Chemist: 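Below are the structure tokens for one structure; questions will follow.
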Amino acid sequence: TLDLTCRGAPCFAKFSEMEEMVNMEAEINEVQPLLLSVTIGSTYQFYFIGKKCEILQDMNRHLEAILKEKKDLRKRLIKHRCQESLPIEATYHKSIVELLTEAVTFIEKLESHLQSVRSIPQIPHMMNNMDTTLSKTEMLMIELEELTDQIVKWEELQKEVYSN
């Protein structure tokens, strides 16, 4: 009953209005950073979309220019390049021939060089296999030495048996 009678009094009416205002300000303060972040995020997205659109428009203009020159490009591609080559002075003929022979040998060996480069990632595995093989070989050498010693001893025993 005390609470009911107190709320009706004019001095508490002002207090309840102030309480409502404080609650509303708190809600505004909670929502305001969210709105600000959404606004900033959409501004950045709009900016980057605008930049991408500009880049695409530039690329589109470039491709349109290439399509306009399509006939000229076809003519240039069909035309033989040897007609446009620069003459080589006679003093450089020997060097050009040597260069061409080196280029041919390089091209011939290119596949083996590429195979070597492709095998680089397998080197650690190959090294492990080599280490394993080396240890097995050492074990076989030790066994071979033991067998050799046994054979030599057996021969000596056979000689003694035949000599007796």
Side-chain angles (χ1 to χ4, degrees), residues 1-140:
T1 31
L2 254 175
D3 286 339
L4 291 175
T5 56
C6 291
R7 292 284 179 193
C11 65
F12 290 111
K14 183 72 173 173
F15 178 73
S16 64
E17 286 178 17
M18 293 293 286
E19 189 177 18
E20 285 178 23
M21 286 177 57
V22 167
N23 288 340
M24 288 172 68
E25 284 180 15
E27 286 180 26
I28 289 172
N29 289 338
E30 287 178 11
V31 172
Q32 196 171 19
L34 294 173
L35 289 175
L36 184 63
S37 66
V38 167
T39 305
I40 290 172
S42 63
T43 304
Y44 280 130
Q45 287 177 352
F46 181 74
Y47 174 75
F48 287 122
I49 289 172
K51 282 289 187 187
K52 287 180 181 180
C53 185
E54 287 177 25
I55 291 170
L56 286 173
Q57 286 175 347
D58 288 342
M59 190 184 287
N60 189 25
R61 278 188 231 112
H62 176 70
L63 290 174
E64 284 177 353
I66 287 176
L67 287 175
K68 287 178 183 176
E69 299 175 2
K70 185 176 171 183
K71 289 181 182 178
D72 293 335
L73 288 172
R74 280 187 180 172
K75 286 179 186 176
R76 285 175 53 195
L77 288 172
I78 292 172
K79 192 176 186 181
H80 294 289
R81 300 300 288 169
C82 62
Q83 295 172 353
E84 298 177 5
S85 64
L86 298 173
I88 299 172
E89 294 181 25
T91 55
Y92 299 119
H93 284 200
K94 180 180 177 183
S95 301
I96 294 297
V97 169
E98 291 173 358
L99 181 66
L100 285 175
T101 56
E102 288 181 21
V104 167
T105 55
F106 174 77
I107 291 170
E108 288 173 350
K109 294 180 181 179
L110 181 63
E111 186 60 37
S112 65
H113 293 310
L114 288 174
Q115 188 63 32
S116 298
V117 170
R118 287 185 196 119
S119 68
I120 287 174
Q122 299 171 355
I123 288 177
H125 179 66
M126 293 167 66
M127 290 299 292
N128 287 338
N129 287 344
M130 287 177 65
D131 287 340
T132 306
T133 306
L134 180 64
S135 61
K136 286 180 181 178
T137 306
E138 288 176 349
M139 289 299 295
L140 288 173

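Predicted, not measured: the structure shown is a model, and the values here were computed from it. For the numbers below, each heavy atom of this structure counts, side chains included, while hydrogens, waters and symmetry mates do not.
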Chemist: Hey, does His62 have a side-chain heavy atom less than 4.5 Å from the side chain of Asp58?
Modeler: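 A side-chain contact is absent here, since even the closest heavy-atom pair is not under 4.5 Å.
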Chemist: For the atom pair NZ (Lys51) and CD1 (Ile55), what is the distance rounded to the nearest 0.5 Å?
Modeler: 7.5 Å
Chemist: Which value, rounded to the nearest 0.5 Å, describes the distance between Ser119 atom OG and Ile123 atom CD1?
Modeler: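 Going from OG on Ser119 over to CD1 on Ile123, the span is 5.5 Å.
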Chemist: How long is the gap from OG on Ser135 to CE on Met130, to the nearest 0.5 Å?
Modeler: 12.0 Å
Chemist: Hey, could you give me the CZ/CD distance between Arg61 and Gln57, rounded to the nearest 0.5 Å?
Modeler: 5.5 Å
Chemist: Evaluate the side-chain contact (heavy atoms from CB on, under 4.5 Å) criterion for residues Gln115 and Arg118: first the C-alpha distance (whole Å), next the side-chain angles of each, then the deciding distance (0.1 Å), finally the verdict.
Modeler: CA-CA 5 Å; Gln115 188 63 32; Arg118 287 185 196 119; 3.6 Å; yes
Chemist: Quick one: CE on Met127 to OG1 on Thr132, what's the gap to the nearest 0.5 Å?
Modeler: 11.0 Å
Chemist: As an exercise, state the distance from CG of Leu110 to OG1 of Thr105, rounded to the nearest 0.5 Å.
Modeler: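 Between Leu110 CG and Thr105 OG1, I get 11.0 Å after rounding to 0.5 Å.
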Chemist: State whether the number of non-hydrogen atoms from other residues, nucleotides or ligands found under 6.0 Å of His113 atom NE2 is greater than 12.
Modeler: yes
